[in-house]
Amino acid sequence: MKAHGKVFRYGDNVDTDVIIPARYLNSSDPAELATHCMEDIDKDFVKNVKKGDIIVADKNFGCGSSREHAPIAIKAAGVSCVIAETFARIFYRNAINIGLPIIECPEASKGIEAGDEIEVDFDSGMIYNLTKNTQFKGQAFPEFMQKIIAAEGLVNYINNKSK
Amino acid sequence: MGMTMTQKILAAHAGLDSVEAGQLIEARLDLVLGNDITSPVAIHEMDKMKVEGVFDKDKIALVPDHFVPNKDIKSAEHCKCVREFAKRNKITNYFEVGQMGIEHALLPEKGLTVAGDVVIGADSHTCTYGALGAFSTGVGSTDMAAGMATGLAWFKVPSAIKFVLTGKPAKWISGKDIILHIIGMIGVDGALYKSMEFVGDGIQYLSMDDRFTIANMAIEAGGKNGIFPVDDLAVAYMKEHSVKEYKIYEADEDAVYDEEYVIELDKLKPTVAFPHLPENTHTIDEVGDIAIDQVVIGSCTNGRLDDLRIAAKILDGHKVKEGIRTIIIPATQKIYLQAMEEGLLKIFIEAGAVVSTPTCGPCLGGYMGILAEGERCVSTTNRNFVGRMGHVNSEVYLASPAVAAASAITGKISSPEEVM
């Protein structure tokens, strides 16, 4: 499985309130949430994002609330992968659980800029910056997490187990 | 190798003699919590699972508290979804408007969380129950769904940071000042993925409400959980509120900690977190002149009786400054009633504040106190991110109930000393 797209680049502590502001949490519809994704930090994000694009950030991405609406909005906006130096722990779990691939890789965060074209190989954890012709080794997922991602989320994983 | 308090609780719930940091375990859950924002997503996920109902109708708590009483039609639909799910599954601990309160004040008050429990909640401030010596942590809706279905959750066993609280808190120092001080010191990711274990002789001077406030904001330092040792005060609290059996765990003497910090409570000053991160802390003497438009006293962080008592002590005989919208929100019906019986609500209303039914509303910019462009609020809530309480160009300053009440009187961020 691979992701391939252009990079939207953000800094430290991108919190769940800017990923999807609480004023829109009276909805849980992914498509509707996606139309407000990143609105308070980058009002042009929704206009510019294309299917497959990738978010790259620095420290503590997804800090704040436990709202699963945050990774849901990102995934529904078409983003194929989020790479960051570190993730806040609830966001990390939520992303895995809904099948949004995320990778912690401080070197990649430093070596990737907005607009770069990158490719991510989830099987190997390799991140290729096609614009700058560089590559980085991201953290690979343990086996049971790979299974959850392969099943496109925890729900299918549990269903598969109970078969 | 010795285990921390958190590790011991997790080991016991995973059926293991011992665990170590980094180990992946599956743990038995004593309680699964959700609210009106996160539960509908969880219910939708659970519908997709091939399971017959919930694992235990007595071990699930559903608390509509964020946008209730329903703020609009969409919120009403969410609440209806939760209500119907609760009815369908005969959930014992569903709290309708009239019984409900802000979840993290309500659950301990109802005796649903006790020492030694493992609790997950689809709300980041679920870490609050660490004040009672439980392992409790926030998760998302899918984890909540899996928890409701199976009674189990997977965890990576956290390492820990030890915070040694020493001495008697200085005047006006509350749990809020202590935790803001700590977050200012270690940063909003200072405890990322880790337990924050609080110990030391200073704990004896902290009320349960102070401890709930401290554990509540562990997440604002990125922590997986915050936890206190179980002393006589905690035991008395549990005996008063709960019929559940509790179990006291203590950290081993040779438990390993990643870091250790000593916090001298007698040297702290009232502390305020400036926009737009809880780590941007300043002590009250270095705040300067910052005019405000609104004050909020309430939330899962600071809507408990101690918080209202200190606010009333400061507001008593004063008027809030003209033009300062002062919104006070008792966190539960019981707290509301007790505040009424003690005459606190009278003091608030005579001072020119409004008193609201329990709701999370303004804390997350839901309703009941949204900020317009350029407005500033001093709030006893827990987050001051960009746009948290309203317009993307509004500002939230996090502070204790004492500082918030004093600021309502002066119209600028103020120390209680200025008005007492």
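Note that the coordinates shown come from a computational prediction; the quantities given were computed from them, not determined experimentally. Sequence lines set the chain letters: A, B, ... in the order given, protein chains first and strands last, and positions in each chain run from 1.
- Contact count versus chain B (heavy atoms, under 4.5 Å) is highest, among A/S27, A/S66, A/A88, for A/S66.
- Heavy-atom minimum distance, B/F155 versus A/R93: CD2-NH1, 3.8 Å.
- Not a single donor-acceptor pair under 3.5 Å links the side chain of B/D143 to the backbone N or O of A/I90.
- Using a 4.5 Å heavy-atom threshold, the side chains of A/I41 and B/V386 count as separate.
- The parts of A/F87 that come within reach of chain B are both its backbone and its side chain, each placing non-hydrogen atoms under 4.5 angstrom from that chain.
- Looking at A/D17 and B/R383, no side-chain N of the basic residue comes within less than 4.0 Å of a carboxylate O on the acidic one, giving no salt bridge.
- With a 6.0 Å radius and a threshold of 12 heavy atoms from other residues, nucleotides or ligands, A/N133 has its CG atom at or below the threshold.
- A/H69 places a side-chain heavy atom less than 4.5 Å from the side chain of B/I37.
- For the options B/V139, B/I219, B/T38, heavy-atom pairs under 4.5 Å to chain A are most numerous at B/V139.
- Side chain of A/N26 to backbone of B/S75: no donor-acceptor contact under 3.5 angstrom is found.
- Side chain of A/N94 to main chain of B/G140: a donor-acceptor pair is present (N/O by atom type, distance under 3.5 Å, no hydrogens or angles).
- For the atom pair CD (B/E279) and CG (A/N13), the distance works out to 6.0 Å, reported to the nearest 0.5 Å.
- When the candidates A/G64, A/S28, A/C63, A/P21 are compared by the number of heavy-atom contacts under 4.5 Å with chain B, A/G64 comes out ahead.
- Note on B/T137, B/I73, B/T126, B/V51: by heavy-atom pairs under 4.5 Å with chain A, the leading option is B/T137.
- Of all the listed residues (B/D123, B/L192, B/D72), the one sharing the greatest number of non-hydrogen pairs under 4.5 Å with chain A is B/L192.
- A 6.0 Å sphere centred on NZ of B/K71 holds more than 12 heavy atoms belonging to other residues, nucleotides or ligands.
- Sparse packing is recorded around NZ of A/K2, with 12 or fewer heavy atoms of other residues, nucleotides or ligands lying under 6.0 Å away.
- Proximity to chain A involves both the backbone and the side chain of B/A146, based on heavy atoms less than 4.5 angstrom apart.
- Taking the side chain as every heavy atom from C-beta outward, A/Y24 and B/K74 never approach each other to under 4.5 Å.
- For A/K137, the NZ atom is densely surrounded, since the number of other residues' heavy atoms within 6.0 Å is greater than 12.
- Going from atom CG of A/N160 over to atom NZ of B/K50 covers 6.5 Å, rounded to the nearest 0.5 Å.
- Proximity to chain A is limited to the side chain of B/L277, based on heavy atoms less than 4.5 angstrom apart.
- Atom OG1 of residue B/T142 and atom CD1 of residue A/I72 lie 6.5 Å apart, to the nearest 0.5 angstrom.
- Applying the 6.0 Å contact sphere to NZ of B/K48 captures more than 12 heavy atoms from other residues, nucleotides or ligands.
- In this structure, the separation between CZ on B/F385 and CG on A/D40 is 12.5 Å, given to the nearest 0.5 Å.
- Both the backbone and the side chain of B/L364 come within contact range of chain A, with heavy atoms under 4.5 Å apart.
- The backbone N or O of B/G138 lies less than 3.5 Å from a partner atom in the side chain of A/R89, making a donor-acceptor pair.
- Residue B/S141 holds its OG atom at 11.5 Å from CZ of A/R67, rounded to the nearest 0.5 Å.
- Counting only heavy atoms from C-beta outward, the side chains of A/L25 and B/F67 approach each other to under 4.5 Å.
- Counting heavy-atom neighbours within 6.0 Å of A/H4 NE2, excluding the residue itself, gives a total above 12.
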